[in-house]
Every structure is written in structure tokens, then in C-alpha cells.
Chemist: 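So that we are looking at the same thing, I have put the structure below in C-alpha cells.
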Protein chains: 2
Amino acid sequence: MTVKITDVARHAGVSPSTVSYALSGKRPISAETRARVAASIRELGYRPHAGARALASSKSNVLAMVVPLRAGIHVPVVMGFAVSVVTSARAHDHDVLLVTQEEGEEGLRRVADSALVDALIVMDVQLDDPRLPLLRTLDRPSVLIGFPSAADGLTCIDLDFRAAGEVCVDHLAGLGHRVVGLIGSPPEVYVRQTSFAQRVLQGFTAAATRHGMTSTVHPCEATPAAAREVAERLLREHPALTGVVVHNEAVLDPLLDAFEHLGLRIPADLSITALCPDDLATSLRVPLTSVAIPSAELGEQAVNLLMRKLDGAPVPEATLLPAHLTPRASTTHRLTG
Amino acid sequence: MTVKITDVARHAGVSPSTVSYALSGKRPISAETRARVAASIRELGYRPHAGARALASSKSNVLAMVVPLRAGIHVPVVMGFAVSVVTSARAHDHDVLLVTQEEGEEGLRRVADSALVDALIVMDVQLDDPRLPLLRTLDRPSVLIGFPSAADGLTCIDLDFRAAGEVCVDHLAGLGHRVVGLIGSPPEVYVRQTSFAQRVLQGFTAAATRHGMTSTVHPCEATPAAAREVAERLLREHPALTGVVVHNEAVLDPLLDAFEHLGLRIPADLSITALCPDDLATSLRVPLTSVAIPSAELGEQAVNLLMRKLDGAPVPEATLLPAHLTPRASTTHRLTG
DNA sequence: CTGAAAGCGCTAACAT
DNA sequence: ATGTTAGCGCTTTCAG
């Protein structure tokens, strides 16, 4: 039926173990045999049976990726991350099993304890995530995207969201702005203590304080209607406002729109900086000065960390990707009038 | 180390096969033994080894899901579908392996021939998809989302996009509109012959012709800027236009905006129907009359089809989910005057 | 540098 | 209704 390693061995005139070693490179094989084996494999169309391999080697070469489904997360960012994880995993000869957040701790336990996967990547980690104790005791390595409040014994990676919040404010301060607002993620994101939103907030507030600026914060639902409302309220309550930081990918376009409706030109009357993927920042009517959310790099680095852990190499507990601000057309000097 | 089936057997005072059968239900077990086995399993925290199971049973209980990455597809729709597939698969005790479109035919062959997966779900199928011949010869069942031009020997499922296009036009015709426009997907979607876009177009055109309406078609990039441009051109070139059908989730809000800017009230001056997920239709400033893109139902049905095929049951080659139009605030009678 | 053979943990005949 | 046992296809000692 399907061709197996003994078929290849016979065809190449070697033993099964030689085929196995030729494939894994775990012991020296003469160039000649290796070539014969390779030829037989190609000719017969041999594919090692994944299950048999997993059983014999106790390695499935599969990673679990736990993706969030909940409200308030920006879907394209998740998707970009997921794709990058799969691509990076493939570069390391691993596959990726998709696990939904919904499955909770039981889901993690299931895929880990059944040896379906060798390691896990967990997205959207909360400050006090119920899965942390489990991840610590699981006998398989894991990498978290995001930082819980107690990250000891775990491996975490994320964009440096605090620095991202700061650098946006620093940029506005450097342009002479004195009154700034943060238009943030939907309220539920703060309520459930997702760390990245909090960290942006901290960075924003800290930098504003450091610069002696007046600052205000407004969470915002991910709908155009909410965007319009927040824009209006912001201007009404803070007439002196000349700079805003937006950490909410879903409402960027509606916000631009709303500010325009309210008679403000961007950046002449109002400077805007955003935290969002670069392609979004550049596709809007006014290209936005922004700090990029580097999904692809995040996914790749998460996989790299996991691979090193699987190799038994030590990795840092915390990895923060630096926040880089790219100035574009949406920010300029405050008009002194 | 980790507990195995023989440990459970010993602990319960039965043979390994009894544990196996108690788990699979493939042969009658007395209520008493079943209870003892269940207790031992719980007590010892036993999880069958996935690889061993796959090897012995030649069933991995894993499905491959091939997701598109390319431009022009609406990410939330893909994500919703993916989540629904995973959830449905779990309900059938299966897991889902994520495969990127990028891996192409080789990727399909790899996961199928290595017995990593039992079956495949392939999204974003093109009219002349290069993977079709492979899928036909693969010894594992598959289900395609979308309809290629030659679907014989394959199992396909999708929303009835043609009917969706028609029903939108029918609705507008019923309201007295005589000049209608289709604002479609990005040009690249048509160029690469993705079937759903073409089918909407056919339905739209056919219905317009049937009703004796004047119709026009405009593909549209998925950016706000493109939306504004298309809106303007549409009105300039077709001043008598009173109804539009939008098949492009990404530009719905910008379009509403643009039409408003151009002095049109919706629906008083212009009626709009959309093809998009329901939650999008209802979250816009004007709730849109729309035909829902039922990602969740599609995912669930795709998995159901696959499960039936895995059970050796016959399934229809083609499954079209009916297109339902939900009237909302964005359409009304044409003003006669 | 290569072979032989012992499992890996489970399922599914084949028994009874 | 349950037990015994022979593999499933591969990796990895152990030998040479």
C-alpha cells in the first residue's frame, strides 16, 4: 500500500536504520549510501509515518498555537501572527495545531499530555491568566505572547507596549504639543486585564507626566459609531487638545473621518499617532505616524524561542521587541497661535 | 513516567484491550468494568498517546485546514471560518492542523501522505485550482470551500453567491430601483478567478437583466481611498443610480462615508445592500440590508461533510447554502419624482 | 560506517 | 463480556 521505511531500505540495498539515519543525519552516512537512499526515497515517494515517528522518538514535531477569539482583539493582527508562526514553524520542520482559547486549560492539557504536540505558543495572555500554573507544570515547553503579572518560570515575548505608549507621547511632546489624549482599546480589554492595553496606558501616562503634559484617556469600542462619539467627546471636554495616540486598529479610519467632520484638519489642527500594523497605517487617507505592531516578527521570534527550548538551550524569560515610531503625515508641530 | 494503557489496566484489574474498548466503545463492556476503568483513568490522569494511537489504528484524528493568505480576502471571514472549523472538529473529537496556502500542493501531500491528518479542508478554491488533481488522487477525503469550474469527484460547499447577487438585485427591483451598481471585490480577486466573486457578478448581472434594469460593475480595492474614488466615479458616470450592491467587506464604512460626503442620504437618495457577515452589517452607522456570509455555518457543515466521508458515507458533491437577505435600514423605495 | 533487533503505546484480530 | 497477542512503522540502542 503506502511505502514504508523497509521498502526504501530494500530498494536501496541498505538496512532500515540506515535509511532512518540518512534522514535524520544523526550518524555519519557515506556520501554514496546517502545518495542511493535519497534516490530510493524519491523514486518510491516515501513519507515517514508521522505517528510511528512520534511513537518511536517521542517527538511529534507539532506545536500547539492557542488563539484568542474574544472581543476587542484585532483579527488581522492575530491572523498575521498565526501565519507567521506557521511559516516559521515549517522552517524548523514543525507543523502547527490550532487550539482555541475556548478550550481553556483542558485543551492545553489534552494536546500536551497526549503527546500530540511537543510545545505550545499561547497568545493573548492576561495579567492573571488561569492557564499559567498549568503551563508551569506541563512537561512541555511553552512561549507566551504577552506578559502576565508574574512571569517567573515562563517564557514571554511581546512588543514593548509601554515603550510604544511612551514614544508616541515623546514624539508629540517634541513637536510642541501640550495636551494629549489616548484613544484606547475597547473597555472589555482593560476590564479583563489584558496586559498590552495596560502597558500602553502606563507608558502614555508616564511620558505625559514626565513632559508635564495634560493627558486624558478614553477607551473606545471597535465600531465606527463609538469612534465618532469618542472623537466628539474628546474635543468637547478638552478643547485645548492638539495630539492623540490611538491604540485601536479598528477605529482609525472612522476617527480620521470624525475629526474631519468636526472641522479639524490632520495634522494641521490635530496630530495623530497610532499603534497598529504598518500596512494599516499607510493605507489610510492620511498616512499615520505610528508604532508598528510587528506580528510577523513576533511570531517568528516566538517560534525561535520555542525551538531553542526544545533543544534544551536556555532562553531569556522575557523578550521585549523594541518600539519603533515611524513619522508619517499625521503629525506635525503644534501651531503656536 | 507518563501513565500508559497498561498502567490503567493493572490499576483497574483488567486487560489493556478492555481499557481500549472501554474508551472507544467498539465492543460491549459491562457497566461495572466500565466504571472501574473510568475511575482508574481519572485517578491516574491517563491520556492515550496520540502517536501510538495513530500508528495502531491508522487514524490520527486530525484534520488539515488550508487557509488563504492572499490579498483581497477579508480576514475576519477567514478567521471566523477557521474558528468554526476547529470548534466543530473538536465536537467530533478531531484536532485541526493549520496549513498555509503558501505550502501549495507539496504541503497537502506532506500532511496527507505522512498520515499526519486523516482529511483536509481547503479554503479559497479557484476556478482552475492547481491543487484539484492532487486532491482527487489523494487517498484521504477532502472538502473544498468554493466551487472550481470542474468539481467532479470532489466535495464542495459554499454560500450560494450567485443567488446572493440575485437576491440583492431582486430586493432593489422590488423597491422600484431601475439603475443599480455592483461595487465588487478587489480586481485581483477577479483576475485570479476566485469563484465566489465571479458568481456574485453573474447573479447580479443576470437579475438586473431579468428585471430590465441598467447595471454597472466596479471592482474596488480594499482601502478607504479606493472606496471614495469608486463612490465618486459611480455617481459621476451614472447620475440616475439609486441602488448599489456591495461585495467588499473592507470598504463598507468608507463607502457610507463617501456617499454622505457626496450629499446622498442613505437610504433616501441611495439604497445599499451588502454581502457581508451579519455583525458587520449591523455595526455600521446605517444598519445595512444584507445577505449574510455565514462563516460559522460553512465551517460546521464542511466538517460534517468530512466526518461523513471519513465514516464512508456518501455525501453530495455540491452543497450550496441558501442566500438569505435581511432587510435593514439601508434600503427603501425609490423616490418617484 | 552499517546492521540487527528491541521496543515506543496502542488497537484489533483471535481467542475463550 | 473479557483476555492474549501480534503487529502498526519508526528510532535507537547495541554490535560489529
Side-chain angles (χ1 to χ4, degrees), chain A residues 1-38 40-41 44-62 93 110-118 139, chain B residues 1-38 40-41 44-62 93 110-118 139:
Chain A
M1 194 67 174
T2 79
V3 26
K4 44 188 136 191
I5 200 169
T6 52
D7 299 326
V8 176
R10 194 176 326 113
H11 186 273
V14 298
S15 74
S17 62
T18 296
V19 175
S20 177
Y21 285 119
L23 240 24
S24 69
K26 288 190 181 172
R27 82 181 186 189
I29 301 283
S30 76
E32 194 211 345
T33 353
R34 198 175 350 176
R36 263 214 324 291
V37 169
S40 298
I41 288 179
L44 302 180
Y46 169 66
R47 304 270 184 182
H49 187 288
R53 198 169 238 200
L55 179 56
S57 69
S58 20
K59 279 179 191 342
S60 68
N61 273 37
V62 175
D93 197 32
R110 181 175 57 81
V111 297
D113 288 353
S114 68
L116 230 191
V117 306
D118 296 334
D139 53 343
Chain B
M1 200 59 179
T2 77
V3 26
K4 44 186 138 196
I5 200 169
T6 52
D7 299 327
V8 175
R10 195 177 326 112
H11 186 272
V14 299
S15 77
S17 62
T18 296
V19 176
S20 177
Y21 284 120
L23 241 23
S24 68
K26 289 192 183 170
R27 84 180 184 189
I29 301 283
S30 76
E32 193 210 346
T33 4
R34 200 176 350 179
R36 263 214 324 291
V37 168
S40 298
I41 288 179
L44 301 181
Y46 168 66
R47 304 271 184 181
H49 187 289
R53 199 168 237 200
L55 180 54
S57 69
S58 21
K59 278 176 190 342
S60 69
N61 273 37
V62 175
D93 197 32
R110 182 174 57 80
V111 296
D113 288 354
S114 68
L116 229 192
V117 306
D118 297 333
D139 53 344

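Every chain is numbered from 1, with letters handed out A, B, ... down the list of sequences.
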Chemist: Is the backbone N or O of A:Ala12 less than 3.5 Å from a side-chain atom of A:Arg36, with the two atoms forming a donor-acceptor pair by type?
Modeler: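 Flag set: sc A:Arg36 to bb A:Ala12 pair under 3.5 Å.
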
Chemist: Taking NE2 from B:His49 and P from D:dC8, how many angstroms apart are they, rounded to a whole number?
Modeler: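 Rounded to whole Å, this separation is 19 Å.
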
Chemist: Test for a donor-acceptor pair under 3.5 Å between the base of C:dG3 and the side chain of A:Arg27, counting only N and O atoms.
Modeler: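 Under the 3.5 Å cut-off, the side chain and the base do form a donor-acceptor pair.
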
Chemist: Can you tell me how far apart CD1 (A:Ile5) and OG (A:Ser40) are? Round to the nearest 0.5 Å.
Modeler: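 The OG atom of A:Ser40 is 12.0 Å from CD1 of A:Ile5, to the nearest 0.5 Å.
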
Chemist: In whole angstroms, how far is the C1' atom of D:dT2 from the CZ atom of B:Arg34?
Modeler: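 Spelled out: CZ on B:Arg34 to C1' on D:dT2 is 13 Å.
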
Chemist: Give me the one residue out of A:Val8, A:Val14, A:Asp7 that meets side-chain contact (heavy atoms from CB on, under 4.5 Å) with A:Arg10.
Modeler: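 Going through A:Val8, A:Val14, A:Asp7 one by one, the side-chain contact (heavy atoms from CB on, under 4.5 Å) with A:Arg10 is satisfied by A:Asp7 alone.
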
Chemist: Taking only side-chain nitrogens and oxygens of A:Lys26, does any of them come within less than 4.0 Å of OP1 or OP2 of D:dT11?
Modeler: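 Checking A:Lys26 against D:dT11: no side-chain N or O falls below 4.0 Å of OP1 or OP2.
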
Chemist: Expressed in angstrom and rounded to an integer, what is the separation of A:Arg53 atom CZ from C:dG9 atom C1'?
Modeler: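 Taking atom C1' of C:dG9 as the reference, CZ of A:Arg53 is at 18 Å.
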
Chemist: Identify the two heavy atoms, one from A:Tyr21 and one from A:Ile29, that lie closest to each other, and give their separation to 0.1 Å.
Modeler: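 In terms of heavy atoms, the two residues are closest at CB-CD1, 4.0 Å.
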
Chemist: With rounding to the nearest 0.5 Å, note down the distance linking CG in B:Leu55 to NE2 in B:His49.
Modeler: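 Atom-to-atom, B:Leu55:CG and B:His49:NE2 are 10.0 Å apart.
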
Chemist: Taking for each residue the nucleotide of DNA chain C with the nearest heavy atom, is it B:Tyr46 or A:Pro16 whose nucleotide lies nearer the 5' end?
Modeler: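 Result: A:Pro16.
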
Chemist: Can you measure A:Tyr21 atom OH to D:dC10 atom P for me and round it to whole angstrom units?
Modeler: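 Whole-Å distance recorded here is 15 Å.
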
Chemist: With a 4.0 Å cutoff (strictly under), does any side-chain N or O of B:Ser30 reach OP1 or OP2 of D:dT2?
Modeler: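 Checking B:Ser30 against D:dT2: at least one side-chain N or O falls below 4.0 Å of OP1 or OP2.
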
Chemist: When you match B:Val14 and B:Ala52 each to their closest nucleotide on DNA chain D, which lands nearer the 5' end?
Modeler: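 Final value for this comparison: B:Val14.
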
Chemist: What is the separation between atom CD1 on A:Ile5 and atom P on D:dG7, rounded to the nearest whole Å?
Modeler: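 Taking atom P of D:dG7 as the reference, CD1 of A:Ile5 is at 19 Å.
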
Chemist: Please tell me which of the listed nucleotides, D:dT2, C:dC1, D:dG9, lies nearest to the side chain of A:Pro28?
Modeler: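 Nearest to the side-chain atoms of A:Pro28, counting from C-beta on, is C:dC1.
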
Chemist: Between A:Arg47 and B:Ile29, who's closer to the 5' end of DNA chain D by nearest nucleotide?
Modeler: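 It is B:Ile29, whose closest nucleotide lies nearer the 5' terminus.
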
Chemist: What is the distance from CG of A:Asp113 to P of C:dG9, rounded to the nearest Å?
Modeler: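 To the nearest whole Å, that distance equals 14 Å.
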
Chemist: NZ of B:Lys4 versus P of C:dG9: gap in Å, rounded?
Modeler: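 Rounding to the nearest Å, NZ of B:Lys4 and P of C:dG9 are 4 Å apart.
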
Chemist: Ignoring the backbone of B:Ala56, work out which of C:dG7, D:dC8, C:dG3 is nearest its side chain.
Modeler: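 Selected nucleotide (nearest to the side chain): D:dC8.
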
Chemist: Quick one: is A:Ser15 getting a side-chain N or O under 4.0 Å of the C:dG3 phosphate, OP1 or OP2?
Modeler: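 For C:dG3, OP1 or OP2 has a side-chain N or O of A:Ser15 closer than 4.0 Å.
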
Chemist: C:dA12 phosphate, OP1 or OP2: any side-chain N/O from B:Ser20 under 4.0 angstrom?
Modeler: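 So the side chain of B:Ser20 is outside the cut-off, no N or O lying under 4.0 Å from OP1 or OP2 of C:dA12.
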
Chemist: On the nucleotide C:dT2, are OP1 or OP2 found under 4.0 Å from the side-chain N or O atoms that A:Thr33 carries?
Modeler: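 Yes, within the criterion.
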
Chemist: Mind calculating the distance between CZ (B:Arg10) and P (C:dG9) to the nearest angstrom?
Modeler: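 Going from B:Arg10 (CZ) to C:dG9 (P), I get 12 Å.
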
Chemist: Quick check on D:dG3: is either OP1 or OP2 less than 4.0 Å from any side-chain nitrogen or oxygen of B:Thr18?
Modeler: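 So the side chain of B:Thr18 is within the cut-off, an N or O lying under 4.0 Å from OP1 or OP2 of D:dG3.
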
Chemist: Could you tell me whether the side chain of A:Ser57 and the main chain of A:Arg53 form a donor-acceptor pair under 3.5 Å?
Modeler: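 Yes, A:Ser57 side chain to A:Arg53 backbone: donor-acceptor pair under 3.5 Å.
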
Chemist: Report the nucleotide, chosen from D:dT2, D:dG3, C:dC8, that has the shortest atom-to-atom distance to any side-chain atom of A:Leu55.
Modeler: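 It is C:dC8.
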
